[in-house]
There are 2 protein chains.
Amino acid sequence: MTHAPAPAITAADKTFYTLRTDIVEGRIAASSKLSEAELSTKYGVSRAVIREAISRLVSCHIVERKANIGARVVALTPEGLIELYQVRESLEGMAARLAAQNMTPAQIAELNTLLEQHAASVKDSQLYYQEAGDVDFHYRIIIGSHNSQLITLLTEGIYHLVRMYRVQLGMAGPRVTTAFAEHQHIAQAIANRDAELAEMLMRRHITYSRQNIEHKLHSPSTKLSLHNINKESL
Amino acid sequence: MTHAPAPAITAADKTFYTLRTDIVEGRIAASSKLSEAELSTKYGVSRAVIREAISRLVSCHIVERKANIGARVVALTPEGLIELYQVRESLEGMAARLAAQNMTPAQIAELNTLLEQHAASVKDSQLYYQEAGDVDFHYRIIIGSHNSQLITLLTEGIYHLVRMYRVQLGMAGPRVTTAFAEHQHIAQAIANRDAELAEMLMRRHITYSRQNIEHKLHSPSTKLSLHNINKESL
DNA sequence: TTCAATTACATTGTCGACAATATAGACCTA
DNA sequence: TAGGTCTATATTGTCGACAATGTAATTGAA
């Protein structure tokens with residue numbers, strides 16, 4: 001029950017993953033139109049394959065499609081980001097609660113090992129942590145919930161959208177060490193099988209994280225405010 | 001911002017809605033295989049249309065598909081039902097919280113009107129309520145959250161799955177009047193703009209509902225236990 | 001008989017062409 | 001010029017055919 005991320009078998013699979021990465025990483029701009037013919041030649045597959053890939057992006061909420069008009073990458077807006085974090089707070093809070101109940105001792109041990117590694121890298125270069133480490137930590141708790149609905153919603157839905165915002169806003173700021181302390185408290189609660197506390201701490205953690213991002217959005221020093229991004233629409 | 005349920009435009013749309021209804025209502029059995037050719041002749045459309053419809057069912061978690069093998073309707077299991085209710089508790093709790101913050105006075109008034117109608121019909125025939133009334137109430141609160149992510153996840157994801165369980169388990173039991181009282185308390189909290197309380201009450205309400213269903217599952221008097229359903233697989 | 005390999009069949013995945021719809025431009029009218 | 005209609009074009013939706021993969025049956029050998 002390791003919940004492996006399902007390798008790409010069919011051509012539509014590969015195209016879907018490629019397209020998703022290109023969009024999340026910003027190589028295909030937010031709010032831009034996705035022309036089936038254009039993508040078809042670009043990726044060297046038939047239109048049917050592109051259509052299927054786009055359909056799957058639609059179900060991830062990364063792309064929106066209107067009948068007979070076409071598909072567009074979603075727009076990145078402050079409201080959208082807040083909505084995402086509200087859903088995260090709700091779902092990941094429940095994930096932490098369930099993780100406290102359902103995680104195996106082995107999984108809990110692995111979680112602690114992960115945090116020890118983070119403790120080391122936080123001392124040296126703080127930048128490493130924020131990017132991969134944070135995602136790793138949350139990912140393990142989500143898996144630890146042992147609730148497949150929850151796992152699917154978060155890992156192949158919400159999380160790619162969150163990452164899209166993160167990447168395209170150039171998030172790598174501070175809040176590293178303080179977030180790390182929060183992670184430790186959450187892991188502690190899970191190890192103690194304290195479901196109530198685990199949920200509460202996780203919700204706070206995500207709320208703080210949201211407030212941090214909101215703060216960056218409103219401060220004019222941010223290199224990319226969301227209003228600037230939408231210029232490259234067409 | 002009424003969030004209309006998007007009418008069927010294209011043939012794939014109609015086929016998707018038709019298929020979804022047929023599955024939820026049980027006319028197509030749970031765990032049964034979906035043959036593209038077969039459905040193609042049955043609904044009188046090309047295989048491409050069927051494929052797209054199936055893809056959308058997959059994104060609703062109503063159907064599972066394996067590459068080069070085919071698609072099957074999801075199996076109905078006790079574990080799956082519990083997972084669903086855990087997600088519901090999480091998401092609808094948040095919806096109630098946000099509804100307390102964001103619902104317009106007009107929406108709150110409509111919610112109260114709805115409850116008054118329910119109060120009347122509960123007196124007369126209790127059966128009416130459970131089916132449509134419960135869904136209506138929850139639906140309005142979800143919409144009242146004004147969070148489009150949340151709305152989409154619940155109304156075109158979770159809810160159809162929940163309904164599939166309800167229909168195929170023949171749910172129409174008691175818990176009507178007591179659930180109605182809970183609804184009143186929730187509406188009260190929302191009217192008072194008490195977000196904390198609204199969330200807590202909604203979570204309790206869904207927990208009770210889950211326990212009620214679990215109870216029915218384990219009692220042998222239920223006309224359909226989930227173990228019986230899976231016989232008609234093939 | 002039992003197991004393995006091979007063959008034949010059925011089902012899904014992919015493709016290119018055609019039909020239906022939307023968009024942009026030309027043309028006409030007031 | 002402003003507005004509207006019509007035409008031309010581009011884009012999406014749908015279809016049937018072919019390729020690739022999985023599945024079951026058949027055959028053969030031990």
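The chains referred to below are lettered A, B, ... by the order of the sequence lines, with proteins before strands, and numbering in each begins at 1.
- Going from atom OH of Y43(A) over to atom P of dT14(C) covers 16 Å, rounded to whole Å.
- When the nearest nucleotides of DNA chain C are assigned to I69(A) and A67(B) by heavy-atom distance, the more 5′-ward of the two goes with A67(B).
- For the pair V49(A) and S35(B), both in contact range of DNA chain C, the more 5′-proximal nearest nucleotide belongs to S35(B).
- Distance, L34(A) CG to dT12(D) C1': 13 Å, rounded to whole Å.
- For D13(A) and dG13(C), the CG to P distance is 9 Å, given to the nearest whole Å.
- Applying the 4.0 Å criterion to OP1 and OP2 of dT12(D), one finds that T10(B) has every side-chain N and O outside that range.
- Side-chain polar atoms of E83(A) and S148(B) form a donor-acceptor pair below 3.5 angstrom.
- Nearest nucleotide to the N68(A) side chain, out of dT12(C), dG13(D), dT14(C): dG13(D).
- The CZ-C1' distance, from R47(A) to dT12(D), rounds to 6 Å in whole Å.
- As a whole-Å value, the separation of K66(A) NZ from dT23(C) C1' is 14 Å.
- Looking at heavy atoms from C-beta onward, I82(B) lies in side-chain contact with Q86(B) at the 4.5 angstrom threshold.
- Rounded to whole angstrom, the span from the CD1 atom of I50(A) across to the C1' atom of dG16(C) amounts to 15 Å.
- When every heavy atom of V74(B) is checked against every heavy atom of V63(B), the shortest pair comes out as CG1-N, 3.9 Å.
- Counting to the nearest Å, the P atom of dG22(D) and the CD atom of E36(B) are 15 Å from each other.
- Distance from the side chain of A48(A) is smallest for dC15(C) among the nucleotides dC15(C), dA17(C), dC15(D).
- Atom CG in L39(B) sits about 12 Å away from atom P in dT11(C), given to the nearest Å.
- When all heavy atoms of N102(A) and S145(A) are compared, the pair lying nearest together is ND2-O, 3.2 Å.
- Ranking dT14(C), dC15(D), dT12(D) by closeness to the K33(A) side chain, first place goes to dT12(D).
- Residues H160(A) and H61(A) place their aromatic rings such that the two centres sit no closer than 6.0 Å.
- For S46(B), whose side chain is taken as the heavy atoms from C-beta onward, the closest listed nucleotide among dC15(D), dT12(D), dT12(C) is dC15(D).
- Ranking dT12(C), dT12(D), dG13(C) by closeness to the R51(A) side chain, first place goes to dT12(D).
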